[in-house]
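Notes follow the structure.
Throughout, numbering of the chain's residues begins at 1 and tracks the sequence.
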Amino acid sequence: MVGPFRPKSELFRGVWREGEDGVPEFATYVDGEWLFTGRTAEVRSPIDGSVIARVSLADGDLARKAVSTAYERGRFVIRETPGDRRVKAFLKAACLIRDAFEDFVTALVLDAGKPLSNARGEVRATVERLEKTTMEFRKLVGDYIPGDWSEETLESEGIVKREPYGVVLAISPYNYPLFISAAKVIPALLAGNAVLLKPASLDPLAPLLFTRVLQLAGVPPEAYQLLTIPGRLMDSVVADKRIRVVTFTGSTEVGEHILAVGGIKAYHMELGGKDPAIVLDDAPLEETVEKLVKGMVSYSGQRCDAIRLIIAESGIYSDLRAKLVEELSKIEPKNPLEDENAVMGPLIDEKSAEAIEEVYRDAVDKGAVLLTKFRREGAYVWPVLLEVDRETLPKLRAFQEDVFGPLTLLVKVRSDEEAIGVANSSRFGLDAAVFSGSDERARKVARKLEVGAVFINEFPRHGIGYYPFGGMKDSGIGREGIGYSLETLTTTKTIVKNYRGKASGATCESCKHY
């Protein structure tokens, strides 16, 4: 049985306390204080469903206090904090995470069910994301516009500045609870915004530890608030007009709800995907299969950029299918505490595993052919590969929905143009992959795909965001990544200076309007 999560580092003293029943209780963070509210939610490990901690919940009043603090004081305090001090705080935070590395890894393994390699990779990526702010802030530049090129603007000039919006609400998902929280908070603060972070309720422990690190690193307490609030109470927060930006990663359905509730404000959204991998008949078989399998099963397919659809040309189809089945049959989900080399662990909870089984049964009932043996035990789901023809594909829930788990569809096509058509027929457009031995063919396919990012001879992976990513169609709004997130989380202000000493009185002769 998985034991309770108790951080070992002294960094987290005061953030948690021992509960009366021996289950640790973690505080929430508002206006620089760690608060034990008396209202808690259980945190269960997907490894075996056991309670590993309890987290103090904010109610509506505390959430309103957090928004008020950010709006009335935080947005001014962070704006007046020199940029070099913000960068130094992030660099210090990177050092503190290194000091408490094992606590963060343990939190991700226990709380999110991540295999050890995935957990370590996420912590290392978060450290690197913090360190890359030394590159990122250079994107905070504007433009100088001389007025010389128009009769109306002679003897004037304009400066276009990038400025923070004010208050940013960051809503992070359960699949990368530490890294995606950091990837939203860091550029928002760096740009001079105050931030409210709403972590996923399923696995909030790593974001909570990250909050403590930011506090110790010197992020102004007024400028950063943690909202450990149930999702059902979030509508009033999202709709609050003092919040100027919502940055959200999650399902398309929740994203649409946020847009409906939030009203007029700026949005960044990375939403659902149906990431297709197109395999042309000149692709190297062994290397392609290795990449495809990693893209399918890494973190049990609980990734926005996981491969959900393989579209293969007929010339390579039979060999590819046989090799995929062979390699997938060697992989099985394991308890990450018992096997340090596990490739797959459990899904985030049993409800998610049941959803995968429902989608699988829907596909088989409608004519898809199961190529791997279906197996589910609680929250553990073995890799699923389903063969489907072009005519049946649009009817399947597995094609219509963002399936968050290790289930992939395999389709045969006659040409690269047909492959492009199948890929673009999805309502999603996050990422895609193209496998080919010809740069010319791969480039042609990549150019025609309606997605935010195309990976050639590689499975889609966003990593630290060194290359920008984001969706088209139902897969989102805006772009995320080193520097690119800053553009999403800032707006422009134009300042025009007139040097004539008085209004020129210039008239538009065509309409006589001043």
Does Glu401 come within less than 4.0 Å of Arg308, counting only side-chain N to carboxylate O?
-> no
Within-4.5 Å side-chain heavy-atom neighbours: Trp16 and Arg212 | no
Test Leu62 against Thr28 for side-chain contact (heavy atoms from CB on, under 4.5 Å), laying out the working first.
-> CA-CA 10 Å; Leu62 193 56; Thr28 191; 4.1 Å; yes
Mind listing the closest non-hydrogen atom pair of Phe428 and Asp402 along with its distance?
-> CZ-N, 3.7 Å
Indicate the atoms forming the closest heavy-atom contact of Ile243 with Val237, along with that distance.
-> CD1-O, 3.2 Å
Modelled atom types, side-chain donor and acceptor of Ser68 and Arg242, under 3.5 Å = yes
One should read off an interatomic distance between Asp305 CG and Phe469 CZ, to the nearest 0.5 angstrom, of 8.0 Å
Got a salt bridge between Glu253 and Arg427, using NZ or NE/NH1/NH2 to carboxylate O under 4.0 Å?
-> yes
Is there a salt bridge (charged side-chain N to carboxylate O under 4.0 Å, His left out) between Lys294 and Glu290 once you walk through the steps?
-> CA-CA 6 Å; Lys294 287 181 179 178; Glu290 178 186 357; 3.4 Å; yes
Will you find, in the side chains of Thr249 and Lys184, an N or O donor that is under 3.5 Å from an N or O acceptor?
-> yes
Other residues, nucleotides, ligands: >12 heavy atoms within 6.0 Å of Tyr484 OH | no
Please determine if Arg73 forms a cation-pi arrangement with Phe76, meaning its NZ or CZ atom is less than 6.0 Å from the six-membered ring centre and no more than 45° off the ring axis.
-> no
Does Ser300 reach the main-chain N or O of Gly345 with its side chain, forming a donor-acceptor pair under 3.5 Å?
-> yes
Distance col, row Leu449:CG vs Ile278:CD1, nearest 0.5 angstrom, shows 4.5 Å
Looking at side-chain heavy atoms only, is the closest gap between Val127 and Arg98 below 4.5 Å?
-> yes
Above 12 or not: heavy atoms from other molecules or residues under 6.0 Å from CD of Glu256?
-> yes
Would you confirm whether Asp143, through its side chain, and Val160, through its main-chain N or O, come within 3.5 Å as a donor-acceptor pair?
-> no
May I ask you to decide if the ring planes of Phe404 and Tyr174 are parallel, tilted or perpendicular, using 30° and 60° as cut-offs?
-> perpendicular
Side chains of Leu108 and Phe179: closer than 4.5 Å at any heavy-atom pair?
-> no
Has Ile456 got more than 12 heavy atoms of other residues, nucleotides or ligands less than 6.0 Å from its CD1?
-> yes
Atom CD1 of Ile186 and atom OG1 of Thr133: how far apart are they, to the nearest 0.5 Å?
-> 7.0 Å
Residue that, paired with Lys274, satisfies side-chain contact (heavy atoms from CB on, under 4.5 Å) out of Asp474, Val403, Leu430 | Val403
Do Thr408 side-chain atoms and Ile307 backbone N/O form a donor-acceptor pair below 3.5 Å?
-> yes
Passes salt bridge (charged side-chain N to carboxylate O under 4.0 Å, His left out), Glu417 versus Lys448? Steps please.
-> CA-CA 9 Å; Glu417 289 297 332; Lys448 294 183 177 182; 2.8 Å; yes
Check each of Asp111, Thr106, Leu178 against Leu205 using the side-chain contact (heavy atoms from CB on, under 4.5 Å) test, and report the only one that passes.
-> Asp111
Can you tell me how far OG1 of Thr491 sits from NZ of Lys493, rounded to the nearest 0.5 angstrom?
-> 9.5 Å
Do Leu11 and Asp103 have side chains that get closer than 4.5 Å, going by heavy atoms?
-> no
So, the side chain of Thr252 versus the backbone of Leu271: is there a donor-acceptor pair under 3.5 Å, distance only?
-> no
Just by distance, do the side chain of Asn193 and the backbone of Val195 share a donor-acceptor pair under 3.5 Å?
-> no
Charged N to carboxylate O below 4.0 Å: is that the case for Arg85 and Glu80?
-> no
Would Val67 and Val167 count as a side-chain contact (heavy atoms from CB on, under 4.5 Å) if you check the C-alpha gap in whole Å, the side-chain angles of each, and the deciding distance to 0.1 Å?
-> CA-CA 8 Å; Val67 176; Val167 179; 5.6 Å; no
Below 4.5 Å, heavy atoms only, C-beta onward: do Asp282 and Ser436 meet side chain to side chain?
-> yes
In short, Arg86 meets Gly192 closest at the heavy-atom pair NH1-N, 3.4 Å
Do side-chain atoms of Thr153 reach the backbone of Ser156 as a donor and acceptor pair under 3.5 angstrom?
-> no
Here the pair of heavy atoms bringing Thr37 nearest to Leu57 is OG1-O, 2.8 Å
Any idea which heavy atoms bring Cys304 and Glu270 closest together, and the distance?
-> CB-OE2, 3.2 Å
Any chance you could lay out the side-chain contact (heavy atoms from CB on, under 4.5 Å) test for Leu259 and Phe248, step after step, and finish with the verdict?
-> CA-CA 10 Å; Leu259 289 168; Phe248 167 75; over 6 Å; no
Which one of Leu489, Val141, Thr490 satisfies the side-chain contact (heavy atoms from CB on, under 4.5 Å) criterion with Arg162?
-> Thr490
Side chain Gln302, main chain Gly405, donor-acceptor under 3.5 Å | no
Say whether, by atom type as modelled, one donor and one acceptor occur between the side chain of Arg124 and the main chain of Ala119 under 3.5 angstrom.
-> no
Please work out whether the ring planes of Phe5 and Phe26 are parallel, tilted or perpendicular, with thresholds of 30° and 60°.
-> parallel
Is Lys114 salt-bridged to Glu122, cutoff N-O under 4.0 Å?
-> yes
To the nearest 0.5 Å, what is the distance between CG (Asp431) and CG (Asp275)?
-> 4.5 Å
Would you say Ser150's side chain and Gly147's backbone share a donor-acceptor pair under 3.5 angstrom?
-> no
Would you say Arg79 and Glu163 make side-chain contact, with heavy atoms under 4.5 Å?
-> yes
Would a 4.5 Å heavy-atom cut-off, applied to side chains only, mark Glu157 and Pro146 as touching?
-> no
Step through the shown structure and confirm whether more than 12 heavy atoms of other residues, nucleotides or ligands are within 6.0 Å of CG on Asp439.
-> no
Flag side-chain contact, heavy atom, 4.5 Å: Leu209 against Val213 | no
Nearest 0.5 Å please: distance from the OH atom of Tyr224 over to the OG1 atom of Thr69.
-> 14.5 Å
Evaluate side-chain contact (heavy atoms from CB on, under 4.5 Å) for Glu102 paired with Lys8, printing each intermediate quantity in order.
-> CA-CA 9 Å; Glu102 290 305 320; Lys8 296 179 180 179; over 6 Å; no
Ser56 and Thr228: which non-hydrogen atoms are nearest, and at how many Å?
-> O-OG1, 2.7 Å
Under 3.5 Å donor-acceptor, Ser45 side chain and Leu110 backbone | yes
